[in-house]
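Notes follow once the structure below has been shown.
Every chain is numbered from 1 and lettered A, B, ... according to where its sequence line falls, protein lines coming before strand lines.
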Amino acid sequence: MQYEDNVKKIEEEAQQYWAENNSFGVVEDKTKEKYYCLSMLPYPSGKLHIGHVRNYSIGDVVSRYQKMLGKNVLQPIGWDAFGLPAENAAIQNKVPPAGWTYNNIEHMKEQLIAMGFGYDWSRELATCHPEYYRWEQWFFVRLFKKGLVYKKKAVVNWDPVDQTVLANEQVEEGRGWRSGAIIEKKEISQWYMKITDYAEELLNGLDKLEGWPDAVKIMQQNWIGKSVGLEINFTMEGSKPISVFTTRPDTLMGATYLAIAAEHPLALKMGKKNSVIQSFINECRTMETSEAALETMEKKGVDSGLFCKHPISGEDVPIWIANFVLMGYGTGAVMSVPAHDQRDYEFAKKYNISMVGVIAPSNGHLDIDQEAFVEKGFLINSGEFNGMTFPEAFEAISKHLTNIGLGKEKINYRLRDWGVSRQRYWGCPIPIINCEHCGSVPVKESDLPVVLPEDVAFEGVGSSIKKSPEFYQTNCPACGAAAEREADTFDTFFESSWYFARYTCANQNKAMLDERANYWLPVDQYIGGIEHAILHLLYARFFTKLLRDEGIVTCDEPFTNLLTQGMVLKDGAKMSKSKGNTVDPQKMIDKYGADTVRLFILFASPPTQALEWSDQGLEGAHRFVNKFYRLVNCYISESKKQAAEQLNPTLLNKEQKEIRKKTHFTLKKVGDDIGRRYSFNTAIAALMELNNSLSRFTDTTPKGMAVKKEAIEIMLKALNPITPHLSHHLWLKIGNTGAMVDTLWPEIDVEALIQEEVRLVVQVNGKLRAKIVVPVDAEKKSIEIAVLAEENVVKFSKGKEVKKIIIVPNKLVNVVVR
RNA sequence: GCCAGUGUGGUGGAAUUGGUAGACACGCCGGAUUCAAAAUCCGGUUCCUUUGCGGGAGUGACGGUUCGAGCCCGUCCACUGGUACCA
């Protein structure tokens, strides 16, 4: 019987066994070491895509391996079910977002089961269920009462044709992706979470995350962007002073203009008097809001005609209105020093604004003919501060400005507060009631959850619940007067910021979390795409600290170890429906079976690296699975003729010993590759090598059969995390009674690994010239004699003096000659 | 633009702590088996040079450190992710 003909049956039987025996259902057990392995929850887009297959195959290998080490392993799964794609699908296919989402979940769940992933399905959750989101509403109300949330105006992308707010992704070259209309900036009131209150802790906490990749920690550190500087006030006659933040107060005497945002009150005031200014402001209203667009667009400005006073010199400083300064971030104004900042330099050149060089390099003198001098140096043209270095000038200018009340030292973070309001239908309703008399009042705890109506018509023009009076009409919880509910919903990052905690007690309907959270948390291994390196992971860390400060969990950080999976690319880019470059793994599962697909995706590249998708090689993975299947079946029929004897390692011949050595070496490597290195591709390569050696090992004597039996059993166990169906099937077929899912990882026989001889590489001046075989840990002297006697060494050192001989034990010898 | 990452044969990749570059596969070439094919098995496969042994070059580009660099440092190029409303 070929594997091909059997694969469907083999996989279904194994899956049925796991389901019937609840093999992956876990309960808290203080007598066992816990291991919480979590993969990022999927967005139910319709079908499993290849990135999911990669992510969840990695998670399943780690989980099954840890389970084989005897740990109490929790591996849950759920659905990140709210989000924009459901709304897009709703418009396109004229189906309600809820129905579309639930259908997708149902189908994708079947696919996950068919892949053989060992999840504890009793903990499954979907973030669009009121039983889930009620607790984040509850938590939001707690944070509201604690003063950790607030309302603030912010700009959004407004599509004037579709009458809707667009995501940055939906704006293409300044136009709405559906309507094609030119997008306008619109200011609306939104809810914010005070993540900046936790900026310092989020930054410092990174140092403790030893199990996180440095790249992610550095990105988060840069994102938080702590900087020390001065807040400086430029006074104005008849108006409030303009406050700016700078990390370079040493350049203050070189400030020749101030740039303010187009939405700045001063700019708006001047616009009313001056049509040139007004048209510039209008132009700025159609700018894209993303940071990338902002930084790469042409820097433009217009002279406001206003002046403020330089805080030290008292001279007039002109105020310009510039498109690269944003009202929402910082103070909406920046101090410009063209001589020492490249952007200011280009702006000043363009508009003929004067420059004053105030920093000279420590060697040579200042030259700003071609570009700004942005490095630190000595102050010049700065009166009493001349000759000072950066730290000296920082302190002196800080002191001076503090004394005259025009400045103070300030720590600034690049990190901004988290805007959580979305003007969308398919999301968790924000549990706030807006009352004319009382303002924003949180919904009473007893009235939670605020349930999102799922049966509303959805056309994509405006938000559906905003048009649904039965949803928004209500009474104020404080005064009882008629009032309106918030019709905005939460950012979907809200749901994904705490789901990992909810899995630990998903059936708890009296509280957000219970004591079980403290048994399982923090997550021991978190696995997900590198694209989440900043936002999701930062928000999840933030939420953990909020939960801790509310006394709901005890840990400080949610994820002890993080594996960031590389993206699966197609045609050099992230796969997406809109690009039409997706790969459907279902076809591969149907053709080759789940085990082949799992093996291949893990073998194709190391997990952290981006993977350019190609079907080439899938056949090879399948060939290996087939080959191993045949090997085991061949052993079974051989053993009917000649049974294996009890293995006695000391009585084996040389060839038998070699096979045992290879077997235990492979076992050691696979354990290390899976358990420590997360290098699944090399683990599989090692197993392929062992398989090749075993298929050439034709010894059918009782001793030979014993060696083969041991090797096959070890291979089955070592393959179990990767190809669990095949291991389950063959384990029973070779005569074992217990199921593979309950077996433990095999012990390495260190005796079998002992080597007597070793091959040394011989180099002359770093070039490979010979190879010699010597006893392990041979004496230095005897190696030197052997090396210098080598024909090729003699040839290449002829007429030269041997300077020294470098010996790397059991590896290499380098003869240095001159 | 900024932050982070990546770059090795025809292809995916290996080289774990600075020590044999190309493990393991895919593909291709040759052979065995077969009436034939599929499947399977065996051999070869970085480039140049050499009958062979061997020799030379080679890890995006250029430079540096070192007895020795794919790995460390500097400059640059290309590509990927993120860039706060895709998830």
Side-chain angles (χ1 to χ4, degrees), chain A residues 2 4 40 42-43 45 80 83-85 88 156-157 165-171 213-216 218-223 225 289-297 329 343 415-419 421-424 491-493 496 529-536 538-539 564 566-567 569 572-574 576 578 600 603-606 608-621 623-624 626-627 630 669 672-673 676-677 679 681-682 684-689 692 695 759-768 771 792 795 803-806 808 811-818:
Chain A
Q2 288 291 302
E4 243 83 7
M40 288 182 186
Y43 178 80
S45 56
D80 189 15
L84 206 47
N88 295 331
V156 293
N157 302 306
V165 174
L166 297 185
N168 286 337
E169 188 193 49
Q170 298 173 311
V171 181
D214 287 337
V216 175
I218 295 167
M219 277 192 270
Q220 290 211 353
Q221 184 186 316
N222 292 335
W223 185 262
T289 53
S290 75
E291 193 202 11
L294 212 68
E295 288 284 336
T296 50
M297 73 184 175
Y329 314 143
R343 185 181 66 187
L415 180 70
R416 308 194 299 256
D417 275 339
W418 176 15
S421 295
R422 294 293 179 272
Q423 296 70 45
R424 314 217 177 280
D491 176 5
T492 55
F493 276 127
S496 56
I530 184 67
E531 68 272 23
H532 295 294
I534 296 174
L535 294 180
H536 162 61
L538 193 65
Y539 293 146
T564 48
M567 311 269 306
L569 308 174
K574 185 172 170 172
S576 72
S578 56
F600 175 63
F603 182 59
S605 87
T608 54
Q609 220 166 86
L611 168 59
E612 170 65 30
W613 182 258
S614 141
D615 291 333
Q616 280 197 349
L618 192 57
E619 287 280 352
R623 217 172 281 166
F624 165 72
N626 264 306
K627 227 165 130 177
R630 274 201 307 276
K669 176 157 179 63
D672 189 48
D673 280 355
R676 180 181 65 89
R677 294 213 301 149
S679 175
N681 54 331
T682 52
I684 293 166
L687 288 163
M688 285 174 167
E689 278 190 67
N692 289 341
S695 65
R759 201 170 62 165
L760 290 185
V761 166
V762 181
Q763 299 179 332
V764 178
N765 285 348
K767 283 199 196 290
L768 176 67
K771 285 165 189 173
N792 231 10
K795 184 176 152 192
K803 284 275 179 195
K804 57 178 163 177
I805 298 175
I806 291 156
V808 181
K811 256 189 184 156
L812 168 144
V813 185
N814 190 12
V815 183
V816 183
V817 299
R818 201 158 296 157

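Applying the 4.0 Å criterion to OP1 and OP2 of B:A15, one finds that A:Arg677 has a side-chain N or O inside that range. Residue A:Ser614 places no side-chain N or O under 4.0 Å from the OP1 or OP2 atom of B:G12.
Residue contacts for A:Trp418: at a heavy-atom cut-off of 4.0 Å it reaches no nucleic acid atom on any strand shown. No contact: A:Val762 has no heavy atom under 4.0 Å from any strand. Contacts of A:Phe624 with the nucleic acid, taken as non-hydrogen atoms under 4.0 Å apart, are absent. Using a 4.0 Å heavy-atom distance criterion, A:Pro606 is classed as a sugar-phosphate-only contact. Across all strands shown, A:Ala292 has heavy atoms under 4.0 Å from base atoms, whether or not it also approaches the sugar-phosphate.
Using atom C1' as the reference point in both B:C71 and B:C2, the two lie 28 Å apart (nearest Å). For the P atoms, the distance from B:G9 to B:G13 is 11 Å, rounded to whole Å. For the C1' atoms, the distance linking B:G12 with B:G18 amounts to 27 Å, nearest Å. Separation of the C1' atoms belonging to B:G22 and B:A57 is 15 Å when rounded to the nearest angstrom. With C1' as the reference atom, B:U46 and B:A14 are 15 Å apart, rounded to whole Å.
Between A:Asp491 and A:Trp418, the closest side-chain pair of non-hydrogen atoms falls below 4.5 Å.
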Output one line per pair: protein atom, nucleotide atom from nucleotides 51-56 of chain B, and distance, for all N/O pairs under 3.5 Å.
| unit_1 | atom_1 | unit_2 | atom_2 | d |
| --- | --- | --- | --- | --- |
| B:G55 | OP1 | A:Asn792 | ND2 | 3.2 |
| B:G56 | OP1 | A:Arg769 | NH2 | 3.3 |
| B:G56 | OP2 | A:Arg769 | NH1 | 3.0 |

N/O to N/O distances under 3.5 Å, protein versus nucleotides 23-31 of chain B:
| unit_1 | atom_1 | unit_2 | atom_2 | d |
| --- | --- | --- | --- | --- |
| B:A23 | O2' | A:Glu689 | OE2 | 3.3 |
| B:A25 | OP1 | A:Asn692 | ND2 | 2.5 |
| B:C26 | OP1 | A:Arg623 | NH1 | 2.6 |

What protein N or O atoms touch nucleotides 67-74 of chain B N or O atoms at under 3.5 angstrom, if any, and at what distances?
| unit_1 | atom_1 | unit_2 | atom_2 | d |
| --- | --- | --- | --- | --- |
| B:C67 | O2 | A:Asn814 | ND2 | 2.5 |

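With its glycosidic angle more than 90° from 0, B:G10 adopts the anti conformation.
Aromatic ring pairs are classed by plane angle as parallel below 30°, tilted from 30° to 60° and perpendicular above 60°; the pair A:His536 and A:Phe493 is parallel. Between A:Trp613 and A:Phe600, the ring planes lie perpendicular to each other; the angle is over 60°, past the 30° to 60° tilted range.
Side-chain N or O atoms of A:Gln170 include one that pairs as donor or acceptor with a backbone N or O of A:Ala167 at under 3.5 Å.
Two residues, A:Thr608 and A:Ala604, neighbour RNA chain B, and the one matched to the more 5' nucleotide by heavy-atom proximity is A:Thr608. Mapping A:Ser695 and A:Ser421 onto RNA chain B via the closest heavy atom, the residue that lands nearer the 5' end is A:Ser695.
When distances run from any side-chain atom of A:His532 to the nucleotides B:A87, B:G81, B:G82, the shortest one goes to B:A87. Taking the side chain of A:Met219 as heavy atoms from C-beta on, and the options B:G81, B:G19, B:C86, the nearest nucleotide is B:G81. Ranking B:C86, B:U83, B:C85 by closeness to the A:Asp491 side chain, first place goes to B:C85. Of the candidate nucleotides B:C85, B:U16, B:G82, B:G82 has the atom nearest to the side chain of A:Glu531.
A search for salt bridge (charged side-chain N to carboxylate O under 4.0 Å, His left out) contacts involving A:Glu4 returns nothing, not counting sequence neighbours. In this structure, the side-chain contact (heavy atoms from CB on, under 4.5 Å) partners of A:Lys811, at least two apart in sequence or on a different chain, are A:Val808.
In RNA chain B, stems built from 3 or more consecutive Watson-Crick or G-U wobble pairs, each with both distances under 3.5 Å, span B:1-7 with B:77-83, B:10-12 with B:24-26, B:27-32 with B:40-45, B:46-49 with B:54-57, B:60-64 with B:72-76.
One donor-acceptor pair, N or O on each side, does fall under 3.5 Å between the base of B:U16 and the side chain of A:Arg676.
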